[in-house]
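Numbers restart at 1 for each chain; the letters A, B, ... are given by sequence-line order, proteins then strands.
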Amino acid sequence: MSCFKGKYADELIANAAYIATPGKGILAADESTGTIGKRLASINVENVETNRRGLRELLFTAPGVLQYLSGVILFEETLYQKTAAGKPFVDVLKEGGVLPGIKVDKGTVELAGTNGETTTQGLDGLAQRCQQYYNAGARFAKWRAVLKIGPNEPSQLSINENANGLARYAIICQENGLVPIVEPEILVDGSHDIKKCADVTERVLAAVYKALNDHHVLLEGTLLKPNMVTPGSDSPKVAPEVIAEHTVRALQRTMPPAVPAVVFLSGGQSEEEATLNLNAMNKLKTKKPWTLSFSFGRALQQSTLKAWAGKDENIKKAQDALLTRCKANSEATLGTYQGGGALSEGAAESLHVKDYKY
Amino acid sequence: MSCYKGKYADELVANAAYIGTPGKGILAADESTGTIGKRLASINVENVETNRRALRELLFTTPGALQYLSGVIFFEETLYQKTAAGKPFVDVLKEGGVLPGIKVDKGTVELAGTNGETTTQGLDGLAQRCQQYYAAGARFAKWRAVLNIGPNEPSQLAINENANGLARYAIICQENGLVPIVEPEILVDGPHDINKCADVTERVLAAVYKALNDHHVLLEGTLLKPNMVTPGSDAPKVAPEVIAEYTVLALQRTMPAAVPAVVFLSGGQSEEEATLNLNAMNKLKTKKPWMLSFSFGRALQQSTLKSWAGKEDNIKKAQAVFLARCKANSEATLGTYQGGSALSEGASESLHVKDYKY
């Protein structure tokens with residue numbers, strides 16, 4: 001048997017296609033408790049459950065925002081949280097035409113014998129967890145694999161192990177009704193040029209799609225969340241058009257047309273960079289048999305977080321900042337973003353943190 | 001380095017794109033001496049050099065035929081042959097806007113430990129041979145790998161070995177200026193249904209594209225020559241629309257958009273079947289970021305051969321038949337074939353020979 005044809009097949013295809021709707025994208029709000037703690041700390045807010053809840057309520061109830069989103073990725077705690085008035089977040093999203101998603105991996109561990117390379121945990125009991133998440137309203141999932149570029153990296157072991165992990169995760173999700181977002185992030189850290197990033201990205205994506213095929217994953221019911229192809233963080237920057245060309249070519253060379261959409265991660269890019277790069281890709285005249293959209297965390301929330309600063313009186317201002325970024329990225333998926341018009345404080349700020357751990 | 005960037009890169013990309021020109025396709029006239037002998041025997045013609053030459057001259061000088069062809073695949077002997085008037089065949093083709101191609105494999109040998117599965121020979125000295133062929137005017141090459149469907153077939157060994165052979169052949173061709181046509185033929189023999197053929201085709205194509213990526217092949221400078229996805233020869237037939245749907249789905253799931261064109265083999269299909277199936281694919285409304293065309297041998301020549309019967313008096317009649325098939329397939333690449341209009345004797349005849357060996 002070549003690929004998954006079980007009871008959820010039609011639903012998976014429909015949901016993946018919905019997430020691929022032009023003009024929409026994903027808000028990655030799935031920061032683990034530890035990671036969201038760092039964000040809150042940066043604005044002097046205590047990392048307690050009510051504050052985590054308060055931040056996410058600010059995001060999900062921002063007026064006018066949900067129309068630009070097809071999905072929101074949640075951390076497990078958030079999946080079961082409610083607004084202050086008592087409405088479950090999943091209901092807020094569903095009423096706004098947004099699919100709830102859930103981060104299901106359990107972080108990375110080091111691979112022995114490598115130079116700090118990692119694989120991702122989370123397969124144990126994954127089927128049962130997916131069923132619970134589906135019952136709670138989730139319709140897609142996310143699993144982040146991490147690779148890096150170095151003199152001897154990524155190693156064949158790292159590529160194989162991470163690709164295999166992504167494939168196992170993906171088929172388990174599909175068996176349990178969740179569209180798997182496949183995320184093989186190649187970190188931007190390093191002094192390499194864009195060609196090196198392109199070579200590595202093509203090699204990694206080829207391995208990922210071979211693994212997905214080996215594991216009988218239904219490609220029409222998946223999404224890819226890759227890095228854009230860019231120079232390393234210690235290398236000179238290039239124009240969005242160059243990033244667009246290298247990125248789309250890497251996808252043309254490795255990603256079968258059956259995949260409905262790509263939802264790029266923003267890595268360490270500033271809000272504005274990420275939007276401009278996505279926009280350039282959608283303006284490119286070349287073969288692109290998949291939607292090119294976003295799944296941004298920092299690149300959607302940075303200005304919002306700063307504007308909020310944990311204070312109730314700032315909520316409206318913060319929500320306006322989020323709306324601005326959502327609208328900008330929506331336009332970027334259509335190639336119509338005009339650029340830079342309403343930059344909030346922090347929108348042009350690089351969000352790169354070396355060896356970033358979620 | 002991820003893919004070939006050597007001195008022929010631009011030329012390879014341009015030639016591969018040219019072969020994919022809508023309205024054109026490939027005449028596979030590369031039957032080895034032994035195989036063409038069987039064809040000649042079927043019309044009571046002696047298998048000597050002058051007869052082999054005469055048959056090919058009949059085909060290549062058919063008035064009006066070359067406009068429907070972007071390439072012709074030669075056997076080595078034919079690459080160096082001339083018309084009766086002394087004009088080299090490669091010049092006849094070039095003047096007609098047709099790229100000469102060359103079969104470079106040396107047939108199949110059995111894989112020990114399998115149930116009659118094979119791998120393909122021809123890698124030894126291939127670089128030098130490619131250089132000679134390029135100097136003689138060839139601009140693309142062909143290598144046929146063969147797999148079959150059975151209770152335990154194709155085995156992982158057969159898939160891996162044939163995929164690897166195709167990838168080694170492909171990169172050597174590119175290093176020497178020839179666009180490699182990658183042909184992983186899964187024989188139609190057997191009682192299996194179309195779903196089984198689809199599963200196997202997807203598995204094989206996924207392995208082929210992983211191998212091409214591993215070997216740094218420039219996909220934009222290659223072509224694929226696959227089987228269509230059909231029921232086995234001993235199973236009930238299905239409509240062209242069904243074949244079209246399964247075939248295109250298999251390609252969507254495995255073939256990156258960077259590949260410019262697919263030039264289907266006809267296997268044991270009759271001339272009319274092959275044309276109707278290709279036509280149905282080009283009428284299908286779905287994602288098809290590559291040209292879908294033909295590389296037919298028997299399905300272009302069968303009626304022509306019968307009409308000729310080796311007699312000079314029949315040349316004009318035979319050429320008219322050949323022109324009709326070329327035109328029909330040209331229309332099929334555009335999805336405009338009306339069907340059955342110029343059926344000659346033999347056009348509906350199945351060309352299936354069990355365990356066909358070229």
Side-chain angles (χ1 to χ4, degrees), chain A residues 1-5 13 17 20 149 154 156 159-160 163 167 193-222 224 229 246 248-262 286-292, chain B residues 1-5 13 17 20 149 154 156 159-160 163 167 186 193-222 229 246 248-262 286-292:
Chain A
M1 187 178 100
S2 190
C3 79
F4 181 68
K5 296 179 180 67
I13 292 173
I149 297 176
Q156 199 59 52
I159 294 176
N160 294 351
D193 63 13
I194 194 169
K195 294 210 175 308
K196 176 71 178 178
C197 179
D199 290 347
V200 172
T201 301
E202 288 171 23
R203 237 179 349 123
V204 168
L205 292 182
V208 167
Y209 282 98
K210 179 61 164 66
L212 293 180
N213 183 279
D214 289 342
H215 287 262
H216 312 297
V217 176
L218 175 67
L219 292 188
E220 294 89 334
T222 65
L224 183 73
V229 176
H246 281 75
V248 174
R249 188 161 56 218
L251 296 169
Q252 286 172 336
R253 288 175 171 173
T254 56
M255 199 171 79
V259 181
V262 177
T286 185
K287 288 197 276 189
K288 293 178 292 180
W290 352 258
T291 298
L292 300 177
Chain B
M1 189 178 103
S2 190
C3 80
Y4 177 69
K5 295 176 183 65
V13 173
I149 297 177
Q156 200 58 51
I159 294 176
N160 294 350
I186 300 160
D193 64 14
I194 195 170
N195 280 301
K196 176 72 178 176
C197 179
D199 290 348
V200 172
T201 302
E202 289 172 22
R203 241 185 340 128
V204 168
L205 292 181
V208 167
Y209 282 99
K210 179 59 164 66
L212 294 180
N213 182 279
D214 288 343
H215 287 261
H216 312 297
V217 176
L218 174 66
L219 291 188
E220 295 89 333
T222 65
V229 176
Y246 277 78
V248 175
L249 189 61
L251 296 170
Q252 286 174 336
R253 287 174 172 174
T254 56
M255 198 169 79
V259 181
V262 177
T286 184
K287 286 197 277 191
K288 294 178 292 181
W290 353 256
M291 295 305 306
L292 299 177

Asker: Going by heavy atoms in the side chains, are A/L218 and B/R253 under 4.5 Å from each other?
Answerer: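 Yes, close enough: below the 4.5 Å cut-off.
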
Asker: Are any of the side-chain heavy atoms of A/Y209 and B/P256 separated by less than 4.5 Å?
Answerer: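 A/Y209 does not reach B/P256 side chain to side chain.
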
Asker: B/L249 and A/E220: which non-hydrogen atoms are nearest, and at how many Å?
Answerer: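 It is CD1-OE2, 3.3 Å.
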
Asker: The criterion is salt bridge (charged side-chain N to carboxylate O under 4.0 Å, His left out); which residues satisfy it with B/D193, sequence neighbours excluded?
Answerer: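 With sequence neighbours excluded, B/D193 shows a salt bridge (charged side-chain N to carboxylate O under 4.0 Å, His left out) to no residue whatsoever.
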
Asker: So, for A/P256 and B/Q252, which heavy atoms are closest and what is the spacing to 0.1 Å?
Answerer: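 Taking every non-hydrogen atom into account, CB-O, 3.0 Å.
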
Asker: Identify the two heavy atoms, one from B/M255 and one from A/P257, that lie closest to each other, and give their separation to 0.1 Å.
Answerer: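 Between these two residues, the closest heavy atoms are O-CD, 3.2 Å.
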
Asker: Report the residues that fulfil salt bridge (charged side-chain N to carboxylate O under 4.0 Å, His left out) with B/K210, sequence neighbours left out, ordered by chain and then residue number.
Answerer: B/D214

Asker: Is it true that atom NZ of A/K287 has more than 12 heavy atoms of other residues, nucleotides or ligands lying nearer than 6.0 Å?
Answerer: yes

Asker: Report which part of A/L251 has an atom under 4.5 Å of a heavy atom belonging to chain B: side chain, backbone, both, or neither.
Answerer: neither

Asker: Distance from B/E202 atom CD to A/N213 atom CG, nearest 0.5 Å?
Answerer: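 That separation rounds to 7.0 Å.
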
